[in-house]
Amino acid sequence: MNNLKLGVEVASAHDLIPKDGQGSASPYVELHFDHQKFRTTIKEKDLNPYWNETFYFNISDPNNLSNLTLDAYIYNNIKGNNSSSNSNSKSFMGKVHINGTSFVPYSDAVVFHYPLEKRSFLSRVKGELGLKVFIVDNPSIRSSNPIPQMETSSHGRKERTFHHLPNPNFQQQQQPQFPSQQQPYMASMNQPEGQQYEYEDMRNLNQSQIQSQPKVVRMYSGSSAQPLEYSIKETNPVLGGGQVIGGRVVNSDRRRASTYDLVEPMQFLFVRVVKAQDLPSKDVTGSLDPYVEVRIGNYKGITQHFSKTSNPEWNTVFAFSKERMQASVLDVVVKDKDVIKDDFVGSVQVNLHDIPTRVPPDSPLAPEWYRLEDKKGEKKKGELMLAVWIGTQADEAFPDAFLLDAAMSNVDSSVSSMFTRSKVYHSPRLWYVRVNIHEVQDLVLGEKNRFPDVYVKAQINNQVLRTRPVQVRTVNALWDEEMMFVAAEPFEDHLVVSIEDRVGPGKDECLGKVYIPLNSVERRADDRIVHSRWFNLRDPGDYESDEKKMKKDKFATRLHLRVCLDGGYHVLDESTQYSSDLRPTAKQLWKPSIGILELGILNASALQPMKTREGKGTIDAYCVAKYGHKWVRTRTVVDNLAPRFNEQYTWEVYDPSTVLTVGVFDNAQLENGNSKDVRVGKIRIRISTLETGRVYTHSYPLLVLHPTGVKKMGEIHLAIRFSSTSMMNMMLMYSKPLLPKMHYVRPLTVVQLEMLRHQAVGIVAARLSRAEPPLRREIVEYMTDANSHLWSMRRSKANFFRLMSVFNGVFAVSKWFGEVCSWKNRITTVLVHILFVMLISFPELILPTVFLYMFLIGLWNYWFRAQYPPHMNTRLSYADGVHPDELDEEFDTFPTSRSSELVRHRYDRLRSVAGRIQSVVGDIASQGERLQGLLSWRDPRATVIFMVFCLVAAFVLYATPFQVLVIATGFYVMRHPKLRHRLPSAPLNFFRRLPARTDSML
């Protein structure tokens, strides 16, 4: 039975347009959804009405919910005249249209104020409507009961409308619970839809969305020249969908086309050990501790052992790379776990030539019973259920299989799989917690002979913020300060707010404390005002009975707070320069995706050894990719300097101005679980630089900056494809703000954003490090560039040279114009004079000429565009010419761990650099102060001269045509060198003599 319902809470409306001719209106709301219509009560003479009425709609087809829409119309109720043919009519005041992709579960829903839309071009609409829309799946919640009421239309016919009847059980209902089987459906609601539906007059009008063909546009990489060994290389691999040449798939084989079309097909031998029965006992006591050993050549996998059972169930899958297999027989041995030596129970041998091949979407291979044999090949008691087949990484069993090679042959599969298996992670949903601390009343002071120094301390987990200290002369104190925290779902921590008294240096006394569960905090998705509350504080040293506490609460200290969860912001856990997700926290504000990003991690080559094993250098490499909330980790390829991964992953793209990050790491957990994984290198790919529909197959260099300089650690081979669902929607994204609305309505300071980002990275790292296999903290911090805000002389120089390169065009034009003015090339100078006269004579051609010139430049650069996405550039990063001491300073810890003499040397160097910057800033300020001094009478003679000049210039400009004046000025600037003087001009001399405020500085 379908219990899914759509709940709509009509909260309020604000700033509605007057409709009754007396500056007011009598509004009510009509809700239309899935051929159902409900209506709120009428609020007489109220432009800011509050309803707080909840309706529940039946959902006829849950699978089609994302294609349905909710329409809310606000009407003004017009009471008819008694003499008129109709008693009531209505006038339109605005509407709200909500797509089904915006419907969220009850736990994520908040009241959101939607701006009212027009019904037609001539409609007059103003204001907003507050709605809370959510989905519930609780059988105890009944649909709203409509009451038929007969109203007379303007044509005299009777029409039936439905009004809201409050549900008597509504107050007793608890928060709806969502069963696990509904979660996949809720996740599918965010999928991009190919069709849009509108509801008009309660009839479905199916309008298919026009899919425009994406136009291929290639972008510049923007990279500077660098050594050839550090450059990107294009490849032409043969992937699952065919061979890729120049970004296009050729020689495609439709017979083997699958979802894994961006990786090379790899064949594996899969062995599923299901269970055993009637195993013979081997111990003296008659018990058996069985486990299975799967062996083929030098490769061996071991299942978990069970204690004292003859009918164990393992249901474990092993995968062996077929290209490394040299044996022709698969041995599956059942053994008895013993303290000294494991006993042989029985074995099964399978000939590899008799193993079938399975290709998805074929059904999984059914396991079969095999009779155990002894060492002589004779049948014995006991049976083992196995399934053996040959497949590829597209097989459903591949993600959960134990991949074995020679390096792992002596490792327990249950232990090694924890750190070597591929896995997909999802970052927790982060919220900003806004805490406004207003005042405290009725403080209970410990000491009566002094004025306490009181402040408020707020804490969520390890995030601690404090207000300014206030010296209290009464029992009340006032702050009016705001704090911001970061919290993650599910909310495991509490907001702890305490009143502290600074008794002495380093000694604080707690005067009261309150615990606020974050689950109970109100959520909002916009800038509406959240009502404040008074909280009774508890004495932290009060351990009396509950009855005495309740009596004492009547006189407890009270704290006035406003606490809310801000869902209208995007919680930054990455740098804004290369963020992979820009959506707000509140799910109902999410827009449909604009495309799909597919990544195929093919292989790595020429990796540098990171450890020593059996006397030779080796590496246990794996890759991590991050985009949006989704992290992926490939399997670990053990003991291989050229590992092959061939794993493919997919992300939904919501904004083209985002960045995909791929990193390569060395797994240090196989030998020592407490060691940190070593970073090998990473790359970033901006989605907006990719052409839609093209397959990018390139080998990217893995460049890492070490204290000794930049070093190439190897190469990573990737296949990337970005597919757009709607080119028009993607183009419209370029006109929308980069961040959600709240970042501009109530912006946060740079210091706040940096502090909150640091806390967000810590929360994400803590959550992902608890997964299995764990995504360790050092990996999360490296992928998100958590330490990019720290000082680096190298990075500062790189940013300075980047700034200089931005103005290279201005400098080049300035140099060219200087050559024109100096008549270095007389023909060019004469042509410039002619063009200048033409433009001044026809000023309407100036702007068209400029824009046509820029269009032609873009058209010319199209033929010299880069054929690959941007990548790490050592020259742009100023990594190839950096001083070793500057690198050592960059890799120093915070706080520093270097000697005092070295720190003093670096401090002196920093002072010299800062002194030059200080001089430049002072010179710029002096020029601005001279401009201000023209009319300030600070130098009376200079001011009189300038005033006389202004008066004469006013009459000259009035009498002289503007075009003549501009031409004369242009000819004067471009005059021949013989007419110039080597000394500065009189206006420049006058400006330099103006006073600045430098003589007033200490």
Side-chain angles (χ1 to χ4, degrees), residues 223 226-237 239 262-264 266 321 323-324 403 405 407 419-420 422 599-614 616-626 632-649 660-671 675-685 696-720 776 778-779 782-783 785 868-877 879-880 887 891:
S223 61
Q226 61 175 349
L228 183 62
E229 60 175 332
Y230 295 161
S231 61
I232 189 174
K233 302 178 182 65
E234 186 173 7
T235 59
N236 301 316
L239 305 180
L262 292 184
V263 292
E264 299 172 352
M266 296 179 63
S321 178
E323 64 179 10
R324 294 188 179 184
L403 273 73
D405 55 19
F419 303 106
T420 60
S422 60
L599 171 66
I601 304 176
L602 303 179
N603 55 67
S605 60
L607 295 181
Q608 295 294 323
M610 307 301 294
K611 65 184 73 169
T612 302
R613 182 180 291 141
E614 298 180 357
K616 65 176 183 178
T618 185
I619 186 174
D620 303 328
Y622 67 93
C623 296
V624 175
K626 181 192 185 305
V632 299
R633 169 180 176 155
T634 67
R635 70 185 188 279
T636 300
V637 180
V638 181
D639 197 12
N640 197 331
L641 297 178
R644 297 178 61 196
F645 302 102
N646 286 306
E647 299 185 22
Q648 184 171 339
Y649 300 95
L660 167 70
T661 305
V662 182
V664 181
F665 300 88
D666 173 42
N667 195 334
Q669 310 307 311
L670 299 180
E671 299 174 353
S675 300
K676 292 185 177 181
D677 291 352
V678 183
R679 58 193 186 190
V680 179
K682 69 178 177 183
I683 64 170
R684 302 191 197 98
I685 299 174
Y696 290 85
T697 53
H698 293 86
S699 182
Y700 299 83
L702 297 172
L703 305 177
V704 175
L705 194 64
H706 290 281
T708 56
V710 65
K711 185 177 181 180
K712 181 179 178 180
M713 305 298 294
E715 295 183 355
I716 180 71
H717 191 191
L718 304 177
I720 304 171
R776 298 177 60 86
E778 61 268 18
I779 299 173
Y782 180 61
M783 296 288 288
D785 279 321
Y868 47 82
H871 58 286
M872 299 294 182
N873 192 294
T874 57
R875 186 139 317 164
L876 183 66
S877 305
D880 51 356
L887 281 177
F891 283 92

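Here, residue 1 is the first one in the sequence, and each next residue gets the next number. The model shown is predicted, which means the values in this text are computed figures rather than measured ones.
The side-chain hydrogen bond (donor to acceptor under 3.5 Å, both in side chains) test applied to Arg644 returns Glu264, Glu323, not counting sequence neighbours. Contacts of Ser877 classified as side-chain hydrogen bond (donor to acceptor under 3.5 Å, both in side chains), with partners at least two apart in sequence or in another chain: none. For Asn236, the side chain to side chain contact (heavy atoms under 4.5 Å, CB included) partners at least two apart in sequence or on another chain are Gln243, Ile245. Qualifying side-chain hydrogen bond (donor to acceptor under 3.5 Å, both in side chains) partners for Thr874, counting only residues two or more places apart in sequence or in other chains: Gln226. Under the side chain to side chain contact (heavy atoms under 4.5 Å, CB included) criterion, Leu641 pairs with Pro609, Ile619, sequence neighbours left out. Applying the salt bridge (Lys or Arg N to Asp or Glu O under 4.0 Å) test to Asp677 and every residue at least two apart in sequence or in another chain returns nothing. Residues forming a side chain to side chain contact (heavy atoms under 4.5 Å, CB included) with Thr618 (at least two apart in sequence, or on another chain): Lys611, Arg613, Asp639. For Tyr230, the side-chain hydrogen bond (donor to acceptor under 3.5 Å, both in side chains) criterion is met by no residue, not counting sequence neighbours. A search for side chain to side chain contact (heavy atoms under 4.5 Å, CB included) contacts involving Val678 returns Met610, Asp666, not counting sequence neighbours. Not counting sequence neighbours, the partners of Tyr782 by the ring pair (Phe, Tyr, Trp, His ring centres under 6.0 Å) test are Phe665.
Of all non-hydrogen atoms in Ile232 and Pro869, the two that sit nearest each other are CD1-O, 4.3 Å.
In summary, of the residues considered (Thr420, Thr636, Val637, Asn640), a side chain to side chain contact (heavy atoms under 4.5 Å, CB included) with Asp620 occurs for Thr636 alone.
Using a 4.5 Å cut-off on side-chain heavy atoms (C-beta onward), Cys623 and Glu647 make no contact. In this structure, Lys682 and Met872 have side chains that are in contact, with non-hydrogen atoms separated by less than 4.5 Å. Looking at heavy atoms from C-beta onward, Asn603 lies in side-chain contact with His717 at the 4.5 angstrom threshold. For the pair Leu599 and Leu718, the minimum side-chain heavy-atom distance is below 4.5 Å. Contact of the Tyr622 side chain with the Arg633 side chain is registered, since non-hydrogen atoms from C-beta on lie closer than 4.5 Å.
No donor-acceptor pair under 3.5 Å is formed between the side chain of Arg679 and the backbone N or O of Ile779.
To the nearest 0.5 Å, the span separating OG1 on Thr634 from CD on Gln648 amounts to 14.0 Å. The CZ atom of Arg684 sits 9.5 Å away from the CE atom of Met783 when rounded to the nearest 0.5 Å. Atom OG1 of residue Thr708 and atom CZ of residue Phe891 lie 8.5 Å apart, to the nearest 0.5 angstrom.
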*Could you please spell out the steps behind the side-chain contact (heavy atoms from CB on, under 4.5 Å) verdict for Val680 and Ile716?*
CA-CA 10 Å; Val680 179; Ile716 180 71; over 6 Å; no

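The local environment of NZ in Lys676 is sparse, with at most 12 non-hydrogen atoms from other residues, nucleotides or ligands closer than 6.0 Å.
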Under 3.5 Å donor-acceptor pairs involving side-chain atoms of residues 697-707, not counting sequence neighbours:
from   : atom 1 : to     : atom 2 : distance (Å)
Thr697 : OG1    : Thr235 : O      : 2.8
Ser699 : OG     : Glu715 : OE1    : 2.7

